[in-house]
2 protein chains.
Amino acid sequence: MSGHKLDEIDRKILAELQADGRMTNVELAKRVGISAPPCLRRVRTLEEVGYITGYHAVVNARALHFEVQVYAMVGLSSQAESDLQAFETLCLNWPLVRECHMLNGEVDFILKCVAPDLSSFQSFLTSELLTAANVASVKTSLVIRGAKDLPGVPFDVLEKRLAKNS
Amino acid sequence: MSGHKLDEIDRKILAELQADGRMTNVELAKRVGISAPPCLRRVRTLEEVGYITGYHAVVNARALHFEVQVYAMVGLSSQAESDLQAFETLCLNWPLVRECHMLNGEVDFILKCVAPDLSSFQSFLTSELLTAANVASVKTSLVIRGAKDLPGVPFDVLEKRLAKNS
DNA sequence: AGTGAAAGTACAGCTGA
DNA sequence: TCAGCTGTACTTTCACT
């Protein structure tokens, strides 16, 4: 993957599939300006080499009665590597935790959680997260509303940078 | 959408497409145990009615030289609704800001940002975010590493709840 | 079930080191 | 000349009625 160089068409493919991951290959080929077979080969290569790591439908959490989204800031007692990994493993096994990122600064981890309602989140918080080994502090913030939620990277920024450096 | 009831097959479809959004319709139909034509009708309906709001390829940000991920906690001076909306509009126009959620508690917004490197994030921070109208405080945390990053909702939790309530 | 379109394959031609 | 990519032609599979 490190040895693989992207050209402008590859970047267009990535941008298009990031915007619409279920686009047909012929539509994609038309948009990026090549014919379908080479376009499909490029997509396969981008997948194999790791530029594309998956495709997901975005499902409406509210409609499925997951009404609550919470960010949890977690501080640990020990920041030894083995203890960090132990906490990450816990997170992987908690289905309500959708994202877990290790941070610098005062807080060690930020978790993005979903739950059907406040009470089921509270029971997760008190009986799972707060009682987990090595957890020193948890600060939670409810999401009131979402204003923006885009996946991945801004390709317009990428293209501008490439234009400058050429 | 409120009037639409999901059955078990619909939920399976959502779970499968959340896991692999580029699956062909025949593969999807096989997995959920029905034939292809009704499966496709169900998918179209789920899209139209708003259970599925989009499909995205997951692109590898690191490989595209977006090396830096940052969470920014933003406090505003005024929480009047018009001022909240003004800030949300700003966020929509900042390409480096990928997510913007309004929170309860001491902090007003959490932003998830990406950038090619630390210096370009710093220049965004100092010349855009910190100087924006109504912004009172910004606390940033660099993502050291990601441990978990799943989209959407945990369907196993959903199914367990439905089993209980029946 | 059946039609029309898309995915995927094989092969030959073009282009640049 | 050779590697790599492209497009045309063709078969198989899928989408859609």
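Per chain, numbering begins at 1; letters A, B, ... match sequence-line order. Values below: every heavy atom of this structure, side chains too, minus hydrogens, waters and symmetry copies.
Atom CZ of B:Arg98 and atom SG of B:Cys91 lie 12.5 Å apart (nearest 0.5 Å).
Remark: C1' of D:dG4 and NZ of A:Lys5 are 18 Å apart, rounded to the nearest angstrom. Taking atom CG of residue A:Asp7 and atom C1' of nucleotide D:dT6, one finds them 12 Å apart after rounding to whole Å.
Between A:Arg42 and D:dC5 there is no side-chain N or O to OP1 or OP2 distance below 4.0 Å.
Cluster partners of A:Val143, by chain and number: A:Tyr71, A:Met73, A:Leu103, A:Val107, A:Ile110, B:Tyr71, B:Met73, B:Leu103, B:Val107, B:Ile110, B:Val143. The rule joins Ile, Leu, Val, Met, Phe, Trp and Tyr whenever side-chain heavy atoms lie under 4.5 Å apart.
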Next on the checklist: Strictly under 4.0 angstrom, non-hydrogen atoms only: write out the protein contact profile of nucleotides 6-15 of chain C, one letter per nucleotide from the 5' end, B, S or -.
Outcome noted: SSSB------
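Summarising the geometry of B:Ser78 relative to B:Asn134, their closest heavy-atom pair is N-OD1, 2.9 Å, with the distance given to 0.1 Å. Between A:Leu76 and A:Asp83 the shortest heavy-atom distance is CD1-O, 4.4 Å.
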Item to check | CA sep, side-chain torsions, deciding dist, call: B:Lys139, A:Glu106, salt bridge (charged side-chain N to carboxylate O under 4.0 Å, His left out) | outcome: CA-CA 11 Å; B:Lys139 269 211 296 198; A:Glu106 38 194 310; 3.5 Å; yes
